[in-house]
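Both ligands and their constituent atoms are indexed starting at 1 by order of listing.
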Amino acid sequence: MSTNEILLAEITRLKKERNALILAHNYQVEEVQDIADFVGDSFFLSQKAAAATEEVIVFCGVHFMAESAAILAPDKTVLLPAADAGCPLADFADAEQVRQWRARHPQAAVVAYINSSAEVKAEADICCTSANAIKVVESLPHDEIIFLPDGNLGHYVASHFPEKTFHLWPGYCITHHRITPEDVQAVRERHPQAEILVHPECQPSVVALADFVGSTSQILDRVAKSPAKTLIIGTEMGVIHGLKKNHPDKEIYLLSSGLVCPNMKRTTLQKIHHALENLEMRVTVAEPVRAKAYAALQRMLAVGR
Ligand code: CIZ
């Protein structure tokens, strides 16, 4: 047996012994996706965490994702193998700032993207993911929306509701924000027949040039349905693994080589093994923040996608 095979066998043994569920985000490295019980986006993984019957949830993703699992499943032990995997986008907003914005716009509903801390979620009326942000805003009777912390996603959502006033937070994802309109034009010239799919966390000038805009789950669905034989993907490179596995007949390229989230790449098989063996890297959220954040997340799950 190779060292890797021994590690995989050990993780399988510990997973059973600890009665653990392994959840992995679409942006995780291939070997982590391959060992997970479920791979998906934040919406899907939140549903899986909320419905888990296992005692331990190993969350292969970044901190706000494991925190969301801990909020939704407070009786479980939630482990984040890469304890230092943060999200610079989530760091753009803190709870005090949200209270200040709410005081400035008292009629507005606060919609917090799931890429936010538990404290920020606790200040929100409802959460959303990129898979259901439009549906979430549609569900609200408010004429004014504070959308945080991703200004690019907020801009994209706002474009669907010209009748509403949006107050957009000035945050962005360092990975998606990196794509430029020139990148899209260059790839269009290289592959004139290709369909270009981008994430709504990209800048509005990039979104405007794309053939399709959607969350990771929506991009995965679109690739399955698209008649195009060549597809260019403008989101984090982790999605390419599942796409190539499921569509060996299609040519699938990443829009730009810089589409790597360093935090998503911190999870390794060794760290998963360590977390399971020692039940370490636990993520918890103190009451009453958890209860308030739970309400905002539950409203999001009730809207569906
Ligand atoms: O919702 C998520 O999981 C994120 C961060 C991106 C996506 O589109 O899936």
Do [X] and ligand 1 have an N or O pair less than 3.5 Å apart?
X	value
S42	yes
T129	no
H25	yes
S217	no
D41	no

> Quick one: does ligand 1 sit under 4.0 Å from the side chain of F43, the backbone, both or neither, non-hydrogen atoms only?
Replying inline: neither
> Is ligand 1 under 4.0 Å from a heavy atom in the side chain of N115, in the backbone, in both, or in neither?
Replying inline: side chain
> Aromatic ring centroids of F147 and H167 under 6.0 Å?
Replying inline: no
>> Within ligand 1, which atoms have a heavy atom of S215 less than 4.0 Å away?
In response: 8 (O)
>> Show me which atoms of ligand 1 lie under 4.0 Å from any heavy atom of Y27.
In response: 6 (C)
>> Under a plain distance cut-off of 3.5 Å, with no hydrogens placed, do Y113 and E201 share a side-chain donor-acceptor pair?
In response: yes
>> If only side-chain N and O atoms count, and only distance matters, is there a donor-acceptor pair under 3.5 Å linking N152 with H177?
In response: yes
>> Under the side-chain hydrogen bond (donor to acceptor under 3.5 Å, both in side chains) test against T216, which residue among N26, T129, T235 passes?
In response: N26
> Angle class for the Y253/H191 ring planes (parallel below 30°, perpendicular above 60°, tilted otherwise)?
Replying inline: parallel
> So which protein heavy atom does atom 9 (O) of ligand 1 come closest to, and at what separation?
Replying inline: T216 OG1, 2.5 Å
>> Considering non-hydrogen atoms of the protein only, which is the closest contact for atom 6 (C) of ligand 1, and what is the distance?
In response: H199 NE2, 3.6 Å
> Between E123 and R99, does at least one N-O distance fall below 4.0 Å, as a salt bridge requires?
Replying inline: yes
> Would Q28 and T267 satisfy side-chain hydrogen bond (donor to acceptor under 3.5 Å, both in side chains), going step by step from the backbone distance to the final call?
Replying inline: CA-CA 7 Å; Q28 291 290 292; T267 317; 2.8 Å; yes
> So is A131 in contact with ligand 1, going by heavy-atom distances below 4.0 Å?
Replying inline: no
> Okay, side chain of R188, backbone of L209: is any donor-acceptor separation there less than 3.5 Å?
Replying inline: yes
